[in-house]
Amino acid sequence: MNNLSKKLMFFVLLLTSVFFFAQAVTEQFLVKGNCNMCKARIETTATKAGAISANWSAENQTLTMVLDESKVTCDTILKQVAEAGHDNEKYKAPDSVYKSLPACCLYTRGSGKNENIHTDSDSDAKQIEGVKLVREKEATAISKKEAGLIFNINSKELLKAACCNLSESFETNATVDVSFSNAVTGTKQLKMLGLDQKYTLLTKEQLPEIRGLASAYGLNFIPGKWIGGIQLTKGGSTVVNGYESITGQINTELLKSHDDDKKSETEINLFSDNNGRVEANVTSTSPISDKWNQSVLLHGNGTFGDTDMNYDNFLDRPKGSQLNVAYLLNYNDLESSGFASHFGINFLKDERTAGQIGFNKRIPQKDQSLYGVGIDISRFQLWNKTGYIFKGKPYQSLGWMNQLTYHQQDSFFGLRNYFGKETSYYSNLIFESIIGNTNNKYKVGASFLYDKYDEDYLLDNYKRTETVPGLFAEYTLTGEKFTLVTGARVDFHNLAGTQFTPRMNFKYDLTPKTIFRISAGRGFRTANIFAESQSYFASNREIQVINNGGEIYGLKPEIAWNYGVSLQQEFKFFGRKSTILADFFRTDFQNQVVTDLEESAQKILFYNLEGKSFANSFQTQWDFQPVKNLEFRVAYKYYDVALDYLSGLKKVPFMAKHRGFANLAYSTNKTEKGRFWSFDTTLNLVGKQRLPNTKSNPTEFQIGDYSPSYSTLNAQISRNFSEKIRVYLGGENLTGYQQKVAILDAGNSFGNYFDGGMVYAPIMKQNFYVGVDFKF
């Protein structure tokens, strides 16, 4: 080729390039996504749709395209990107396509504020003009995105039962077991994975809540109407929230205004049952400005009736009252400055009187023959959570949480006095970012916990101060079909020594509908033997602590490992979504503070474990909806829980080996004015339970080796007359099953054999209630 030909070819190429780039334009659009798989899918779809080049950034969620507008439009490309599963500023991905994406690609979908997002073609939209399409949230949903086994419980689930407080929020949940702790104080306790409530981390707004001196009665301190949602984690939870979780975590979110809801709303709830309990709740959420909103939460209850359904002359539940007040203030300026903050303050006063009918709390116990119990609790909390998202880096944030708690309990159980004061401060600083891309996320931080205890039991005083600075790190790796979360923390406990806490959760999507999970982790805690064992104070058992050289009551801390595996399978049943979940968890104690009721029926022994202690838990659950508006949930649970007592390896008492559960919920279609009916019923089948050894008692005050099996049935009917008015009527323990002898030697309450802690079943027969909700 001669020089002239080369020059002509160069000139032609130059003209072509000039013409080509004159026609090309660069455009940038918001496109939602998560990871490198999203990036490849978005860019490939855009170029196949006609873009000359495409580049998607995970950092700012933007797609930058070069295209020739004479050949293809931006709308055409963005529509195909949406059809591939990615919401953008013009089109929304079909729900079915979004749900079929790999778990690592399931980005958080928007609130739908942008009116330019289309879900159908214009012609289709005209056909359904005026029809509002709403996708109902599941009342309880198993998170498909999280590596851990997490259940998200919303307000729809909480409305299925009376739900007067947190302890009653799990009546329609198959994972948590709820039971009375004794026959005198009327308190309920949770159990999860076959172990007592104290081994579950109970938080409020991700801050420590029911622990320390609040262990016995803390479930009554969170009214049901205050709850905005609950997150329940089975097995090892994140190290970010501390070291105390062994069997899992239950976090309660308080009711707050939503950012996309700029209107004020006040709700009044009135409740009463046929056994003398009344309750009133007022919750008000309102915006103050574009960035500030507030919540005012008020609760009051009183129990005034003398309920004695087994005719033993003891109240089946205490009389008394509670006043509970909270104020929440929220600031949200994430979109502009990157800052958000949440403030909360809470004051509670709870007074209850129990014991024999006719007991007068105003007269000292030593001056009257009737047995009485008095429990007065005052509690104050102040907390703040502040977060900052770095500008231009939505994946990078800094959060700081602080909480101050003061708790005081003055109580007596017959001639047994117990007084306790606790001052607690908690702080947690968390930094979150990525390594390279959003497939590699990490959190690092530092925490500090301060607990000051001052307890009086009988004539003995117990004082201690626990200070626990800690450091933690957590790494999340997200692949095409898997998510791995692994973390560890080191805590420098002034009394328990340095503690290392590793945890791991792994999720693998065998198919988009089949999810496999495994978890493992360590937890440790210091036992508050008096506060946590108050269910046995309503007895004449002598308390003995066998000193083991530890710094806390002479005992060493509790340490346990938890391992779990689960399989989640979704499929169609009668053409509708159905989910089966099966899980197995094992907890092995490296050290434990044993509460021994076996050595003698007149004693409670506390000592450190020598030998083995374990809990095996298997659960299978099936959620399905055979027809519209009708929901079923059935479950079976198997527990194998044992430990080495001084007298040898035995099954832990008050733990049924077999449990069955069934919940049925039905609601009618909602009318244009918001009217509909709801029906809900829950059946619990409880197998036999091993009971503590009482053979040292006279024959008439002994109980058998095992309890009988029994069942309970709860049901509720509610009627929404509009979006603003709801009335509900329900019944608890409709089968009427009752433990007839709930208190041993009830006729001689100051004798050696009196014991109100041997409770394995309901102590009250049917209880009926009615309530009404008003919104304005």
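All values below come from the heavy atoms of this structure, side chains included, with hydrogens, waters and symmetry mates left out.
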Could you check, using the six-membered ring where one of them is a Trp, whether Tyr243 and Phe524 have ring centers closer than 6.0 angstrom? yes
Any side-chain heavy atom of Lys204 sitting closer than 4.5 Å to one from Gln381? yes
Angle between ring planes, Tyr638 versus His658, binned at 30° and 60°: parallel, tilted or perpendicular? tilted
Check whether any side-chain N or O of Glu532 sits under 3.5 Å from a backbone N or O of Lys198 as a donor-acceptor pair, and report yes or no. no
Ion pair present between Arg525 and Glu244, side-chain N to carboxylate O less than 4.0 angstrom? no
Examine distances only and state if a side-chain atom of Glu157 and a backbone atom of Ile153 form a donor-acceptor pair shorter than 3.5 Å. no
Could you check whether any side-chain heavy atom of Ser167 comes within less than 4.5 Å of a side-chain heavy atom of Asn220, counting everything from C-beta outward? yes
Please identify which of these residues, Phe530, Phe606, Tyr453, meets the ring-ring contact (aromatic ring centres under 6.0 Å, His included) condition with Tyr553. Phe530
Whether the side chain of Ser617 engages the backbone of Gly194 through a donor-acceptor N/O pair (distance < 3.5 Å, no angle test) should be reported. no
Are side-chain N/O atoms of Asn733 and Asn767 paired as donor and acceptor at under 3.5 Å? no
Filter on ring-ring contact (aromatic ring centres under 6.0 Å, His included), then keep only pairs touching residues 218-241, sequence neighbours left out; what's left? none
Salt bridge Asp623-Arg633, side-chain N to carboxylate O under 4.0 Å: yes
Do Phe413 and Tyr418 have ring centres separated by under 6.0 Å? no
Lys688: partners by salt bridge (Lys or Arg N to Asp or Glu O under 4.0 Å), with sequence neighbours left out: none
Does any part of the side chain of Ser143, heavy atoms only, come nearer than 4.5 Å to the side chain of Asn152, both counted from C-beta? yes
Is there a side-chain contact between Tyr639 and Asp177, using heavy atoms and a 4.5 Å cut-off? yes
Among Lys234, Arg517, Lys637, find the one that has a salt bridge (charged side-chain N to carboxylate O under 4.0 Å, His left out) with Asp583. Lys234
Closest non-hydrogen atoms of Glu558 and Ala527, given as atom of the first, atom of the second and distance, are OE1-CB, 4.0 Å
Would you confirm whether Lys256, through its side chain, and Leu254, through its main-chain N or O, come within 3.5 Å as a donor-acceptor pair? yes
Tell me, do Phe589 and Leu609 make a side-chain contact under 4.5 Å, heavy atoms counted? yes
Minimum side-chain heavy-atom gap Thr172-Lys160 below 4.5 Å: yes
